[in-house]
Amino acid sequence: VDADNIQPQERQSRFFSVLYNLTKIINSAPANASFAERLTQEVVFLLQCKSCSLMFLDDTRQNLLSEAHTGLQDQELASIHNSAKNGIIAWVAQHGAPVRIGDIRLDSRFLQVDGEAVFACSILSIPLIVGASVIGVITVTSDKEQYFSKHDEDILGFVGNTIIQDLNNANQFRLSTTDEETKAFNRQYLFIQLPHELERARRFGNPLSVMLFDIDNYREAVAHNGTQAGSYILRQLVTIIKSKIRDIDTLVRYAEDEF
């Protein structure tokens, strides 16, 4: 069903349903990563689109980091990350202006990596602004050409602006619980999350595993090759581990070379 052909009454019903659900989530608990994930799910339902991704600028305000997404496979998520670096989504963050494109293949800002399939035709991307500063971007996609209307743009902008402070809180939570050097979670996140995981395991009778490991000869490597080499080792290790663990698993940097 094309977006422009959805009956106004059905649109209105979805719109109020989404606002009600998000308000209920906000009132029941502080905004965090799960709130961001739920937001992307609700937006996909609202606009009946293929995917939704939420990205925030890091503390350097130079890079967009993925906060949550719905409807994206690994290859599609990689394409979104490329767009966040130099493509359409990066343009939205840099200019603080929305973009609605009916066929991204015809847009000069669309960057396609050699051998990478085009997973979407239409894209709608909205900047998230607090005060005068862009803090992130929310993006929706569709397999169909010319899918999103001006009405969709207004709706997505309204939803984003309505809960922008809660999104900002979620972003601040992410920054405060993320290790700046490796982008793994930090000890603060462990101290917050572990009691919840233990309680959940007790309640449902599920096993819970915690593994602690460190890097052999890490300090010697740093002493011999320098701190930049040490940082490179840590970042590469985190990248490898994240590619091997499941979405429900959590990687925490506990100490200098302990995870």
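Throughout, residue positions are numbered sequentially from 1 according to the sequence presented. Predicted, not measured: the structure shown is a model, and the values here were computed from it.
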For [X] and [Y], which heavy atoms make the closest approach, and how far apart are they?
X	Y	result
S51	G71	CB-O, 3.8 Å
Y147	S122	N-OG, 3.1 Å
D107	I101	OD2-CD1, 3.4 Å
L47	D152	CD2-OD1, 3.6 Å
P98	W91	O-CZ3, 4.4 Å
A93	L64	CB-CD1, 3.9 Å

Hey, is [X] close enough to [Y] for a salt bridge, meaning N to O under 4.0 Å?
X	Y	value
R219	E256	yes
E145	R105	yes
K150	D154	yes

Among the clusters formed by ILVMFWY side chains lying less than 4.5 Å apart, do [X] and [Y] turn up in the same one?
X	Y	result
I241	L190	no
L251	L198	no
V238	L234	yes
F185	M211	no
L208	V252	yes

Neighbour count >12 (heavy atoms, 6.0 Å) for atom CD, Q228 = no
Decide if atom CD of E180 counts as having more than 12 heavy atoms of other residues, nucleotides or ligands within a radius under 6.0 Å.
-> no
Side chain to side chain contact (heavy atoms under 4.5 Å, CB included) evaluation trace for V134 with L128 | CA-CA 6 Å; V134 174; L128 301 171; 5.9 Å; no
If we ignore hydrogens and angles and just use 3.5 Å, is the side chain of [X] paired with the main-chain N or O of [Y] as donor and acceptor?
X	Y	answer
T177	Q188	no
D143	K50	no
S133	I129	no
Q48	F45	yes
N217	E220	no
N225	A221	yes

With rounding to the nearest 0.5 angstrom, report the [atom1] to [atom2] distance, [X] to [Y].
X	Y	atom1	atom2	value
R100	L156	CZ	CG	11.5 Å
R235	I240	CZ	CD1	13.0 Å
R253	L237	CZ	CG	10.0 Å
S176	Y189	OG	OH	11.0 Å
H196	R203	NE2	CZ	10.5 Å

Could you tell me whether the side chain of [Y] reaches within less than 4.5 Å of the side chain of [X], counting heavy atoms only?
X	Y	answer
I126	E153	yes
V159	L46	yes
I123	V140	no

Does the side chain to side chain contact (heavy atoms under 4.5 Å, CB included) test come out yes or no for D249 and R246, once each step is laid out?
-> CA-CA 5 Å; D249 298 327; R246 303 166 299 174; 2.8 Å; yes
Mind checking what makes ring pair (Phe, Tyr, Trp, His ring centres under 6.0 Å) contact with F158, not counting sequence neighbours?
-> F15
Contacts of F191 that satisfy ring pair (Phe, Tyr, Trp, His ring centres under 6.0 Å) - sequence neighbours left out = none
Evaluate the side-chain hydrogen bond (donor to acceptor under 3.5 Å, both in side chains) criterion for residues T139 and S125: first the C-alpha distance (whole Å), next the side-chain angles of each, then the deciding distance (0.1 Å), finally the verdict.
-> CA-CA 4 Å; T139 302; S125 193; 2.9 Å; yes
Please say which of I138, L54, I155 ends up in a side-chain contact (heavy atoms from CB on, under 4.5 Å) with V43.
-> I138
Kindly state each residue pair satisfying ring pair (Phe, Tyr, Trp, His ring centres under 6.0 Å) with at least one member in residues 211-237, sequence neighbours excluded.
-> F213-F259
Residues E37 and Q41: side-chain donor-acceptor under 3.5 angstrom | no
Any donor-acceptor N or O pair under 3.5 Å, side chains T70, T40 = yes
Validate the cation-pi geometry between R187 and Y254: distance from NZ or CZ to the six-membered ring centre under 6.0 Å, angle to the ring axis within 45°.
-> yes
Given the rule in the side chain to side chain contact (heavy atoms under 4.5 Å, CB included) test, do K144 and C121 qualify, once you have shown the distances and angles that lead to the verdict?
-> CA-CA 6 Å; K144 300 178 180 180; C121 287; 6.0 Å; no
Apply the test side chain to side chain contact (heavy atoms under 4.5 Å, CB included) to residues L72 and S53: give CA-CA distance (whole Å), side-chain angles for both, the deciding distance (0.1 Å), then the verdict.
-> CA-CA 8 Å; L72 292 172; S53 61; 4.1 Å; yes
